[in-house]
Every structure is written in C-alpha cells, then in structure tokens.
Visitor: 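What follows is a structure written as structure tokens; I'll ask about it next.
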Protein chains: 2
Amino acid sequence: MVDTTRAGAPKPAAERVQRPQARTTERREAVLKAALNVFGARGYNKGALVEVAEQAGMTHAGVLHHFGSKEGLLVAMLKYRDGEEVAGIPERAQVEGPAFLQHLVDTVEENTHRRGVVQAYSVLSGESVTDGHPAHDYFQTRTEGLRTKIAGVLGEVSGNTDAQELRDSATSLIAIMDGLQVQWLLDPDAVDMPRIVGRAMDELVERLRAEA
Amino acid sequence: MVDTTRAGAPKPAAERVQRPQARTTERREAVLKAALNVFGARGYNKGALVEVAEQAGMTHAGVLHHFGSKEGLLVAMLKYRDGEEVAGIPERAQVEGPAFLQHLVDTVEENTHRRGVVQAYSVLSGESVTDGHPAHDYFQTRTEGLRTKIAGVLGEVSGNTDAQELRDSATSLIAIMDGLQVQWLLDPDAVDMPRIVGRAMDELVERLRAEA
DNA sequence: ATTCACTTACTTACTAGTCAGTAAGTGTGT
DNA sequence: ACACACTTACTGACTAGTAAGTAAGTGAAT
C-alpha cells in the first residue's frame with residue numbers, strides 16, 4: 001500500500017505528466033465525498049461505483065479515471081477522511097497530552113451529529129476483518145497507532161508507568177468507543193455515547209492514578 | 001424464542017405437509033455450518049450461495065430449496081448459532097446471577113480458539129448497520145436483550161439499584177467485548193481479550209458496589 | 001498539438017433466483 | 001405385500017440483473 005504520492009494527489013490514470021487541471025481537485029473531492037456516502041451507507045462490497053459516480057455528477061468510468069479501481073477509491077477515501085479529521089482541529093495543531101483525551105470525548109459528542117461518518121467507520125472496520133479486504137492494513141495500522149498514542153497520554157496524565165497496563169487501558173478505551181458506535185447505530189435512543197465514554201475515561205484515569 | 005421444534009424445522013419450500021426425510025436435518029445443518037464459514041469469512045454481501053452449497057456438498061439450488069432465499073439462510077444461520085451457543089451450556093441450564101458474568105468471561109476465553117465464529121459475528125454485526133440489512137433486527141434485538149440481562153445481573157451482584165447506571169454499565173461491557181473482537185481479529189497478538197474483559201468487569205462491579 | 005477529463009459503448013465475470021425434471025422416500029388403501 | 005398418489009430433496013440449465021473494468025473517442029484547456 002500506500003504511497004498515493006503526495007497525499008491524495010492525482011496520478012492513477014496511467015502515469016501523469018502534466019499538471020492536473022484547475023477543477024480537477026474539487027471534482028476528485030466530490031467523488032471522495034460521494035464515496036464516503038455510498039460506502040458508508042452500503043459498505044464497500046455492496047456499494048456501487050455507479051452510485052458514487054452519480055452523486056459526484058459523472059459516470060462510473062469517470063471515477064475509474066481518477067482512482068484507477070474501486071479499491072483505489074476506497075483507500076483514497078480512507079486517507080481523505082483522516083486528513084479531514086486532522087484539518088478539523090483548530091489551526092491544525094496536533095493535540096497532545098491531556099487535551100487529547102478531551103479531544104476524544106469531543107469527537108464522540110460530534111459523532112452523534114454525524115451518523116454517516118460513524119456508519120462508514122463501523123461498516124468498513126467490520127468488513128475489514130474479512131479475508132483479503134483492501135482496508136485491512138489501514139485499520140490495523142490506524143488502531144495500533146491510536147493505541148500507542150492513547151497509552152502514552154494515559155501515562156502522562158496518570159503518572160502510571162506500567163506499560164502493559166497502559167496499553168490494555170488504551171485498547172479497552174478504543175474498544176468501548178468502537179463498540180458503542182455499533183450499538184448506537186442499531187438503536188440511537190438506547191445509547192448515550194458521550195456520557196458512557198466520558199465515564200469510562202474518568203474511571204480509567206482514576207484507576208491508573210491509584211495504581212501508579 | 002426458539003422453537004427449534006425438531007431442531008431447525010424445514011418449511012421454506014412452500015408450506016410443508018409431510019414429515020421431512022431422515023437425513024434432512026443433518027443436511028440442513030451442514031448447510032448452516034457452511035454458511036457460518038462462508039459468511040464469516042466473506043461477509044453476507046460478498047459471500048456466495050454457490051460456495052456455501054459447495055461446502056455442504058450440493059448445488060446452490062439445493063440450498064435455496066431448503067432456505068428459500070439467501071436472506072432466509074442468513075436468518076436461519078443466526079438462529080442456529082444462538083441455539084448452538086445455548087446448547088453448549090452444560091445440561092442446557094440457563095445461567096443466572098453471578099454465574100452469568102463468569103460465563104461471559106469464559107465465552108471470551110473460548111472465543112480466542114474459535115476465530116471463525118468471532119469473525120462471523122464481527123463482520124455481520126458491522127454489516128448489519130447498513131441500510132435495510134437483513135440481520136439488522138436480529139442484532140438490534142439481541143443487543144437489547146443482552147443489555148437488559150447484564151444490567152439485571154450487575155444489579156444483583158452489586159446491590160446497586162440505579163437503573164440508568166446499570167444499563168450504561170451493561171452497554172459499556174458489551175461495547176468492550178464487541179470492540180475487542182475487531183481489534184483482536186486485526187491483530188491477535190496485540191490484544192489479550194480475556195484479560196481485558198475480566199479486568200473491565202471487575203472494575204465495573206467494584207464501582208457499582210461502591211456507589212450502591 | 002497534445003494532454004487531461006471525461007463519456008459512450010462494451011466486455012467479462014458473477015450471482016440470486018426460477019423452473020422443469022428425476023430419484024428416492026412416505027403414507028394409505030387394499 | 002404391494003401398488004398408487006403424492007412429497008421431498010435435490011440437479012442442471014437458464015435467466016435476468018448487476019457490477020467492475022476497458023477501449024476508443026470527444027471537447028476544452030494549455
């Protein structure tokens with residue numbers, strides 16, 4: 001995987017030589033947004049390129065022109081979503097330390113107003129564990145990265161230095177957030193995501209502190 | 001639920017009038033097992049009836065004869081899996097009270113040796129949040145039932161009577177178990193499911209007791 | 001003049017579901 | 001005990017739909 005050279009840059013239609021045209025970037029973005037919609041609503045397997053294309057105002061061959069293949073589109077979409085998320089943080093500042101934990105809770109709160117995004121994430125991560133799924137590596141890498149990051153921050157915040165304990169706690173926290181999303185999607189009124197995540201995080205930090 | 005009357009009673013091929021033939025039950029079971037395999041490995045959408053049929057030693061039309069449609073097969077498979085799980089408990093005794101919590105932890109432990117089952121559950125529950133997915137109701141009902149049951153047991157065990165608190169705790173516990181499965185499937189060595197679930201449950205009960 | 005961003009027009013590959021037919025039962029009446 | 005009427009459990013062939021990918025071409029911008 002992975003280059004997509006210069007992050008989301010065009011290239012797929014054979015090797016590109018000239019500069020892309022002016023409107024190209026926004027057309028590609030329209031396709032990526034449509035993909036988020038379609039794959040989010042139907043999953044990758046059942047999501048059809050024609051529908052993505054339609055929503056972006058072109059034919060499915062046009063989409064293929066930009067991203068080379070359905071799999072290429074998926075990977076580009078996943079990266080695009082990450083970039084968007086990062087860009088959403090004020091001044092693009094990377095959040096560090098305690099603020100990161102607050103950021104996680106804030107994100108959960110925001111997510112209750114962005115059903116589509118949550119659905120896309122849940123469906124795709126579920127699908128990603130199937131044999132040879134194109135998003136498998138993405139989710140594996142992403143989860144591991146998040147785990148390490150959260151473990152680090154939990155260590156800072158609690159003063160606890162037990163590495164395994166910190167990793168387990170991070171894993172646990174991620175599991176709660178992901179697991180809650182599915183339950184929430186199945187029945188939004190039955191699950192108060194922000195409250196539960198906030199709770200869990202407080203408990204976790206408290207315990208790590210006590211054991212430090 | 002669950003008639004399971006004569007275990008997985010046939011019917012789909014129009015309304016059945018005569019008794020099913022002798023070998024029928026085991027043939028149907030072979031199909032269900034194959035479905036667990038195939039849908040587990042590829043998901044419902046990508047899983048093909050021909051492959052299910054092949055693994056069960058018949059043609060895909062034969063599968064359709066028994067279950068009427070692909071969707072019918074899915075639903076039957078889900079019910080079959082539930083029945084199997086219940087049957088796995090010694091003497092079919094329904095586990096109640098504190099023992100149920102232990103049973104949950106035991107199941108998690110067992111699951112580390114049954115990757116296929118875990119994968120099937122994770123993939124299907126992820127898929128189930130997509131629009132109009134045939135397993136949507138199944139997972140919704142199942143989750144709600146589990147939530148209520150766990151909340152009840154937690155109440156018994158901790159003496160806590162705060163209904164919302166108990167429900168949130170149950171939701172949280174389910175989220176951890178489900179979320180861990182995905183992480184574990186993505187990277188089995190990175191996640192010690194039984195340890196983390198055991199931990200979480202102890203913490204939960206302890207806290208509910210303290211707040212009682 | 002050439003390249004980019006597409007479209008139109010297919011092709012190839014599957015896949016769920018239908019249908020007609022067949023061999024092997026099942027149950028009843030005699 | 002046996003034949004008759006009927007059912008079940010399939011198979012094989014086919015249909016109709018869908019979906020990804022390809023090839024050739026067209027107009028606009030550089």
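In what follows, chains carry the letters A, B, and so on, assigned in the order in which the sequence lines appear, proteins first and then strands, with residues in each chain numbered from 1.
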Visitor: Please give, in whole Å, the distance from D/dA20 P to B/Asn45 CG?
Guide: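 Taking atom P of D/dA20 as the reference, CG of B/Asn45 is at 12 Å.
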Visitor: Measure from CG on B/Leu64 to C1' on D/dT15 and round the result to the nearest Å.
Guide: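 Distance, rounded to whole Å: 14 Å.
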Visitor: Which nucleotide sits closest to the side chain of B/Thr59: D/dG21, D/dG12, C/dT8?
Guide: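 Closest of the options to the side chain of B/Thr59: D/dG12.
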Visitor: If you check every side-chain atom of B/His66, which of D/dG21, D/dT11, D/dA9 has the closest atom?
Guide: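 From the listed options, D/dA9 comes nearest.
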Visitor: For A/Arg195, which residues count as a salt bridge (charged side-chain N to carboxylate O under 4.0 Å, His left out) partner, sequence neighbours excluded?
Guide: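 Expected list: A/Asp192, B/Asp168.
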Visitor: Among pairs that include at least one residue of residues 53-63 of chain B, which meet side-chain hydrogen bond (donor to acceptor under 3.5 Å, both in side chains), considering only residues two or more places apart or in two chains?
Guide: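 Residue pairs passing side-chain hydrogen bond (donor to acceptor under 3.5 Å, both in side chains), neighbours aside: B/Asn37-B/Gln55.
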Visitor: B/His60 NE2 to C/dA16 P: how many Å, rounded?
Guide: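 Whole-Å distance recorded here is 7 Å.
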Visitor: State whether A/Arg27 places a side-chain N or O below 4.0 Å from either non-bridging phosphate oxygen (OP1 or OP2) of C/dA5.
Guide: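 For C/dA5, OP1/OP2 do not have a side-chain N/O of A/Arg27 under 4.0 Å.
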Visitor: Specify the separation, in whole Å, of atom CG of B/Leu73 and atom P of C/dG17.
Guide: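 Computing the B/Leu73:CG to C/dG17:P distance gives 10 Å.
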Visitor: Rounded to the nearest Å, what distance is computed from the CD atom of residue A/Glu26 to the P atom of nucleotide C/dA5?
Guide: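 Distance, rounded to whole Å: 12 Å.
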Visitor: Walk me through whether A/Leu73 and A/Leu32 qualify under side chain to side chain contact (heavy atoms under 4.5 Å, CB included).
Guide: CA-CA 8 Å; A/Leu73 173 61; A/Leu32 291 169; 4.1 Å; yes
Visitor: With a 4.0 Å limit, can you tell me whether B/His65 has a side-chain N or O closer than that to the phosphate oxygens OP1/OP2 of D/dA9?
Guide: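 Indeed, a polar side-chain atom of B/His65 lies that close.
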Visitor: Quick one: list whatever passes ring-ring contact (aromatic ring centres under 6.0 Å, His included) with A/His133, sequence neighbours left out.
Guide: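 Partners of A/His133 under the ring-ring contact (aromatic ring centres under 6.0 Å, His included) test: A/Tyr44.
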Visitor: When the distance from CZ of B/Arg28 to C1' of D/dC10 is rounded to whole Å, what number comes out?
Guide: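 In whole Å, D/dC10 C1' and B/Arg28 CZ are 14 Å from each other.
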Visitor: Could you pull out the closest heavy-atom pair between B/Leu186 and A/Ser128, with the gap in Å?
Guide: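 Taking every non-hydrogen atom into account, CD2-OG, 3.8 Å.
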Visitor: Return the angle between end axes of the helix from C/dA1-D/dT30 to C/dT30-D/dA1, with five pairs used per end and rounding to 10°.
Guide: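 The value is 10°.
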Visitor: Output the rounded distance in Å from NZ (A/Lys70) to P (C/dA13).
Guide: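 From A/Lys70 NZ to C/dA13 P: 18 Å.
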Visitor: Using a cut-off of strictly less than 4.0 Å between a heavy atom of the residue and any atom of DNA chain D, enumerate the qualifying residues of residues 47-58 of chain A by number.
Guide: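 Nucleic-acid contacts, sorted: A/Gly47, A/Ala48, A/Leu49.
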Visitor: Compare all side-chain heavy atoms of A/Val108 with those of A/Leu180 and state whether any distance is below 4.5 angstrom.
Guide: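 Not in contact.
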Visitor: Round to a whole Å and report the spacing from CZ of A/Arg23 to C1' of C/dA5.
Guide: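 Between C1' of C/dA5 and CZ of A/Arg23: 10 Å.
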Visitor: Would you give me the side-chain donor-acceptor pairs under 3.5 Å for residues 142-150 of chain B, sequence neighbours excluded?
Guide:
unit_1: B/Arg142; atom_1: NE; unit_2: B/Asp82; atom_2: OD1; d: 3.4
unit_1: B/Arg142; atom_1: NE; unit_2: B/Tyr138; atom_2: OH; d: 3.3
unit_1: B/Arg142; atom_1: NH2; unit_2: B/Glu85; atom_2: OE1; d: 3.2
unit_1: B/Thr143; atom_1: OG1; unit_2: B/Phe139; atom_2: O; d: 2.7
unit_1: B/Glu144; atom_1: OE1; unit_2: B/Arg147; atom_2: NH2; d: 2.9
unit_1: B/Glu144; atom_1: OE2; unit_2: B/Thr148; atom_2: OG1; d: 3.4
unit_1: B/Glu144; atom_1: OE2; unit_2: B/Arg167; atom_2: NH1; d: 3.2
unit_1: B/Arg147; atom_1: NH1; unit_2: A/Gln183; atom_2: OE1; d: 2.7
unit_1: B/Thr148; atom_1: OG1; unit_2: B/Glu144; atom_2: O; d: 3.0
unit_1: B/Lys149; atom_1: NZ; unit_2: B/Val95; atom_2: O; d: 3.0

Visitor: I'd like to know whether B/His136 forms a side chain to side chain contact (heavy atoms under 4.5 Å, CB included) with B/Gln140, so could you lay out the CA-CA distance, the side-chain angles of the two residues, the decisive distance to 0.1 Å, and finally the verdict.
Guide: CA-CA 6 Å; B/His136 180 276; B/Gln140 189 179 304; 2.8 Å; yes
Visitor: Can you tell which of D/dT8, C/dT18, C/dA9 lies closest to the side chain of B/Ala61?
Guide: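 The listed nucleotide nearest to B/Ala61's side chain is C/dT18.
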Visitor: Provide the closest heavy-atom pair for A/Val153 versus A/Phe100 in the form atom of the first, atom of the second, distance.
Guide: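 In this case the closest contact between A/Val153 and A/Phe100 is CG2-CD2, 4.0 Å.
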